[in-house]
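Note on naming: letters A, B, ... go to the chains in the order of the sequence lines (proteins, then strands), and numbering restarts at 1 for each one.
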Amino acid sequence: MGIQYLHNPFHSVLSMCITITRQTLAIIYLQALSFIYTDVIPLVYLDTFAVGGGVPVEDQPDVSAVLSAYKQQGDPALYEEYYSGLKHFIECALDCHRAELSQLFYPLFVHMYLELVYNQHENEAKSFFEKFHGDQECYYQDDLRVLSSLTKKEHMKGNETMLDFRTSKFVLRISRDSYQLLKRHLQEKQNNQIWNIVQEHLYIDIFDGMPRSKQQIDAMVGSLAGEAKREANKAKVFFGLLKEPEIEVPLDDEDEEGENEEGKPKKKKPKRESMGSKSKKQDPNAPPQTRIPLPELKDSDKLDKIMNMKEATKRVRLGPECLPSICFYTFLNAYQGLTAVDVTDDSSMIVGGFADSTVRVWSVTPKKLRSVKSAADLSLIDKESDDVLERIMDEKTASELKILYGHSGPVYGTSFSPDRNYLLSCSEDGTVRLWSLQTFTCLVGYKGHNYPVWDTQFSPYGYYFVSGGHDRVARLWATDHYQPLRIFAGHLADVTCTRFHPNSNYIATGSADRTVRLWDVLNGNCVRIFTGHKGPIHSLAFSPNGRFLATGATDGRVLLWDIGHGLMVGELKGHTDTVYALRFSRDGEILASGSMDNTVRLWDAVKVFEDLETDDFTTATGHINLPENSQDLLLGTYMTKSTPVIHLHFTRRNLLLASGAYSPQ
Amino acid sequence: MAEEKKLKLSHTLLPAESMKVMAEAMGIAQVPEETSQLLADEVSYRIKEIAQDALKFMHMGKRRKLTTGDVDYALKLKNVEPLYGFHAQEFIPFRYASGGGRELYFYEEKEVDLSDIINTPLPRVPLDVCLKAHWLSIEGTQPAIPENPPPAPKEQQKAEATEPLKSTKPGQEENGPLKGQGQSAAAPDGKGKEKKAPVLEGAPLKLKPRSIHELSVEQQLYYKEITEACVGSCEAKRAEALQSIATDPGLYQMLPRFSTFISEGVRVNVVQNNLALLIYLMRMVKALMDNPTLYLEKYLHELIPAVMTCIVSRQLCLRPDVDNHWALRDFAARLIAQICKNFSTTTNNIQSRITKTFTKSWVDEKTPWTTRYGSIAGLAELGHDVIKTLILPRLQVEGERVRGIVEGPVVSNIDKIGADHVQSLLLVSAGEGGPPRPPPSTLSCPPPPAAAPPSR
């Protein structure tokens with residue numbers, strides 16, 4: 001066992017932190033801290049480095065090659081004519097085709113502008129921009145702003161946004177009829193300039209059938225690189241939940257307790273049985289149990305599961321008639337410095353990440369936070385005694401708040417491990433740090449992202465975690481490996497948020513390129529690309545049954561996705577500012593959203609998803625037709641007192657905990 | 001087609017002259033025009049790029065305000081050394097100066113004497129971050145506690161009172177303070193239109209569902225405590241209760257109860273001539289009016305008669321010759337003036353109606369001195385114009401009447417006291433409403449009435 005640890009960087013850090021002289025005590029201690037992952041075979045990172053669109057590095061060697069695609073040029077004076085000619089054609093087209101063909105405007109505009117800039121026709125480029133930027137859809141504003149500042153060939157080299165336009169083809173979905181119309185027009189007019197762009201820089205995904213309406217198109221477009229190709233969302237996704245391990249519950253014990261607490265054991269018993277049977281049934285959509293090696297349950301995990309089940313029986317059934325109570329944790333005197341919050345699953349601790357590089361952990365139960373005793377004191381403990389776990393704790397260190405120092409930049413993401421022994425934090429300084437909640441010290445600093453890390457999260461089964469940052473990739477790590485196991489590359493801008501699927505087989509990432517991607521942990525492939533948001537995505541939430549994903553963005557909208565079919569299934573409008581927090585209630589009946597506009601809103605998640613089953617056509621074609629029913633789905637809006645809501649959490653009994661920093665205007 | 005939303009694009013470019021100035025500052029004398037133009041373009045582009053990156057840090061930092069720190073991190077991303085020394089959160093230390101047709105922003109660096117800094121006492125350590133929990137919502141309803149924003153902003157209370165058709169389901173009240181912040185503001189508006197349309201078309205009229213004003217147990221307890229304290233004997237408790245009425249943001253649901261309490265209270269205590277209680281009730285009215293979150297318009301029909309009663313009632317106390325009911329009348333008169341000032345509009349005509357009431361009872365010959373006093377006090381509080389047009393013209397008549405009592409045979413002690421009070425009141429108010437006092441140097445004109453020595 002000792003040898004095994006020698007290879008383990010995790011352990012060496014640990015042993016530096018705490019030097020324990022006696023080997024036996026060390027083992028007891030480590031067992032107590034549950035550092036032993038003897039049975040886990042981690043995903044080996046040699047097999048696949050999933051590389052989608054190429055890992056973007058600042059000084060890419062092929063930049064000039066990429067840009068040189070713009071070399072071929074027509075007469076710069078004619079560009080405006082070409083564009084307005086096409087504009088005229090599209091505006092005169094039949095209504096049904098017009099909406100579809102209008103999609104061409106934006107990518108053509110960008111590419112023509114870039115061609116002009118690349119070939120150093122600065123003045124023509126400026127006047128081209130002036131003349132036509134007003135035609136573009138309002139959701140491209142941010143990109144247009146970047147574009148407008150770019151006026152010289154030299155600027156193009158370092159500009160990432162523009163590189164994306166080059167490296168990846170802009171994807172348009174157009175019906176066959178509309179496409180034929182366009183093709184015929186361009187060939188008739190001998191409009192080679194535009195035809196070249198269409199051929200080289202755009203990817204036109206042609207489908208058979210009725211052209212889509214303006215509304216249908218608007219719902220899906222908006223991302224940096226157009227819509228997702230249809231085949232990008234065809235892969236099978238095992239969205240079901242894993243079978244719950246059977247835990248031998250010391251039944252007698254429990255019933256007694258149940259009687260003591262509730263006084264009505266009769267009611268409780270049938271419930272427990274039903275729960276047991278539920279977990280035994282294998283979900284047909286679930287991945288094979290061992291698809292991803294997961295850590296084996298420890299005794300403490302089992303205890304926690306039992307606690308969880310007990311709490312679940314006392315859970316409030318939510319619905320439109322029974323809204324959850326909301327308890328708000330306000331961070332006072334944070335001076336605009338609160339950047340991340342997380343709450344443990346059992347709601348006993350809250351962690352805040354701050355702009356001043358600190359991570360602060362609070363206990364919100366009467367049980368105070370204690371660290372273990374020093375090595376010298378530990379050696380004095382009688383390790384045979386039953387309450388050794390209690391004895392190793394140092395009573396003198398008990399306090400409500402522990403501050404963790406170590407980062408050297410704002411802490412943008414925090415996450416508790418499911419067993420509450422560890423804490424992850426990621427920061428502007430490019431590292432992800434693992435902290436022990438037993439010693440309140442830093443155990444490992446994971447270096448990999450060289451740029452700010454925006455978000456990190458533990459897998460629901462522990463051991464693995466994901467991080468995503470400014471370098472546009474998300475990484476999958478295991479706590480005992482100092483290098484990432486997987487790199488998920490493909491986003492065209494910063495990865496702003498990351499979430500594990502409840503079955504731990506998939507990871508969702510939201511990005512500033514206005515897309516959400518779902519990645520397979522097993523092979524690192526991107527299995528879903530969701531487009532439709534009109535601003536950077538800042539929050540993600542999986543429904544507890546694993547079927548749906550909710551995403552929130554700076555545009556204030558919350559979009560709902562069916563993971564199995566790869567479809568958008570709902571749009572919730574109401575927030576007037578960035579949605580920073582999303583969470584489903586424990587049974588998935590209510591979706592709570594929290595935003596920069598100082599409100600918490602509750603939505604009827606049951607109703608959104610129940611209308612959905614009926615429509616087969618949309619599943620086949622992927623054309624969605626969303627009803628405008630946000631107002632009916634909204635169950636409640638709760639204003640805070642100038643406190644943006646940045647985290648939401650449902651306790652095991654379905655009480656909603658919200659938090660944010662009070663920031664008086 | 002694309003929406004006709006105009007993109008706000010900045011074409012801000014640094015002037016080429018700035019480049020020259022900066023080059024000179026660095027010791028490079030002759031920078032050609034072309035070079036400085038190129039430099040200016042390049043620098044402008046880089047600055048914009050950095051600003052865009054800085055915005056990213058602001059969004060990830062979950063803030064609305066861009067800080068100097070964000071700019072530093074954006075510079076760091078580009079491998080540029082951050083600007084040190086700009087750490088003020090709230091304030092950017094640039095100063096503006098202009099002169100010679102040039103506008104300048106500069107960073108003022110004062111020479112600081114180190115010993116000064118060493119000798120000044122340390123500033124207080126700022127408070128540390130702490131965590132505080134409260135209920136944002138209890139089973140779907142937001143409790144009215146100071147930690148939450150006022151449950152119904154004044155606009156909404158008003159809307160409830162004036163536009164009964166508008167539904168006020170929780171969650172649709174965003175047309176309050178949030179309105180107009182984003183694109184979604186159109187949604188509630190559209191809803192409003194939909195709801196109103198059928199009314200115009202003569203479809204079945206939607207009436208406001210009769211709302212049951214049920215107070216929660218806590219509210220009932222609060223109401224009981226507050227009302228008991230307000231009319232109880234403990235002055236400290238009363239002050240606390242009045243303070244609560246004047247400041248608590250969540251009282252609007254209890255407002256009808258308070259209003260009834262006051263009006264009933266006045267009705268009973270006027271009959272019983274209980275001066276103390278009347279005073280307490282008027283202080284409650286004052287506290288209600290001081291509360292900025294309450295929309296009182298709906299309850300004026302109860303409050304105004306109560307206050308008016310306390311001004312003009314014939315008798316307000318058991319021993320009119322000894323008790324100081326005059327103070328109550330003065331206090332209530334000030335209240336009514338405040339009500340007029342706050343709520344009088346051209347449609348409800350509160351002020352003119354009140355003025356009429358006062359004048360009518362004053363002009364009446366048989367009015368007792370107490371009522372007479374109240375009417376004059378009420379009028380006098382309504383401002384200069386009222387004094388000028390209504391009090392001054394009657395000054396002589398009233399003076400005669402007062403003289404009749406004061407100098408004539410003693411009819412009754414009460415009348416005499418009343419007349420005395422009316423006289424001094426007239427002197428004060430006529431002084432306020434009279435022509436502006438001339439400067440002391442001009443002695444030619446006779447002194448205005450207020451300057452006359454008081455007769456008693």
Chain A heavy atoms under 4.5 Å from B:L38: which part of the residue, side chain, backbone, both or neither?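 B:L38 touches chain A through side-chain heavy atoms alone.
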
Turns out that what part of B:E147 lies under 4.5 Å from chain A's heavy atoms comes down to backbone

Taking all non-hydrogen atoms of both residues, which atom of [X] and which atom of [Y] are closest, and how far apart?
{"X": "A:Y451", "Y": "B:L77", "result": "CD2-CD2, 3.4 Å"}
{"X": "B:V129", "Y": "A:N333", "result": "CG2-O, 3.7 Å"}
{"X": "A:S149", "Y": "B:Y45", "result": "O-CD1, 2.9 Å"}
{"X": "A:W362", "Y": "B:C130", "result": "CZ2-CA, 4.3 Å"}
{"X": "A:A355", "Y": "B:Y73", "result": "O-OH, 4.4 Å"}

Taking atom [atom1] of [X] and atom [atom2] of [Y], what is their separation to the nearest 0.5 Å?
{"X": "B:S137", "Y": "A:L602", "atom1": "OG", "atom2": "CG", "value": "7.0 Å"}
{"X": "A:K641", "Y": "B:N148", "atom1": "NZ", "atom2": "CG", "value": "8.0 Å"}
{"X": "B:E139", "Y": "A:L655", "atom1": "CD", "atom2": "CG", "value": "10.5 Å"}
{"X": "A:D494", "Y": "B:K56", "atom1": "CG", "atom2": "NZ", "value": "3.5 Å"}
{"X": "A:Y580", "Y": "B:M60", "atom1": "OH", "atom2": "CE", "value": "7.5 Å"}
{"X": "B:I138", "Y": "A:L323", "atom1": "CD1", "atom2": "CG", "value": "13.0 Å"}

Validation row: A:R145, B:Q52 side chains within 4.5 angstrom (heavy atoms):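 Yes, their side chains come closer than 4.5 Å.
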
Quick one: sort the B:F57 and A:W454 rings into parallel, tilted or perpendicular, breaks at 30° and 60°. perpendicular

Distance-only, no hydrogens or angles: does the [X] side chain make a donor-acceptor pair with backbone N or O of [Y] under 3.5 Å?
{"X": "B:K132", "Y": "A:T330", "result": "no"}
{"X": "B:Q142", "Y": "A:M639", "result": "yes"}
{"X": "B:R64", "Y": "A:M596", "result": "yes"}

Of the listed A:L657, A:L332, A:N450, A:T578, the one with the largest count of heavy-atom pairs under 4.5 Å with chain B is A:L332

Please determine, among A:G413, A:G660, A:S325, the option with the most heavy-atom pairs under 4.5 Å with chain B.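 Going by pairs under 4.5 Å, I would pick A:S325.
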
Contacting region of [X] [heavy-atom separation from chain B under 4.5 Å]:
{"X": "A:R360", "value": "side chain"}
{"X": "A:V364", "value": "side chain"}
{"X": "A:P410", "value": "both"}
{"X": "A:L656", "value": "neither"}
{"X": "A:C327", "value": "both"}
{"X": "A:Y106", "value": "neither"}
{"X": "A:V600", "value": "side chain"}

Neighbour count above 12 (heavy atom, 6.0 Å) for B:Q220 CD: yes

Less than 6.0 Å separating the ring centroids of A:Y638 and B:W135?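 No: the rings miss the under 6.0 Å criterion.
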
Candidate pair B:D41 and A:T151, rule side chain to side chain contact (heavy atoms under 4.5 Å, CB included), full reasoning: CA-CA 9 Å; B:D41 285 354; A:T151 51; 5.9 Å; no

Under a 4.0 Å N-O cut-off, is there an ion pair linking B:K76 with A:D429? no

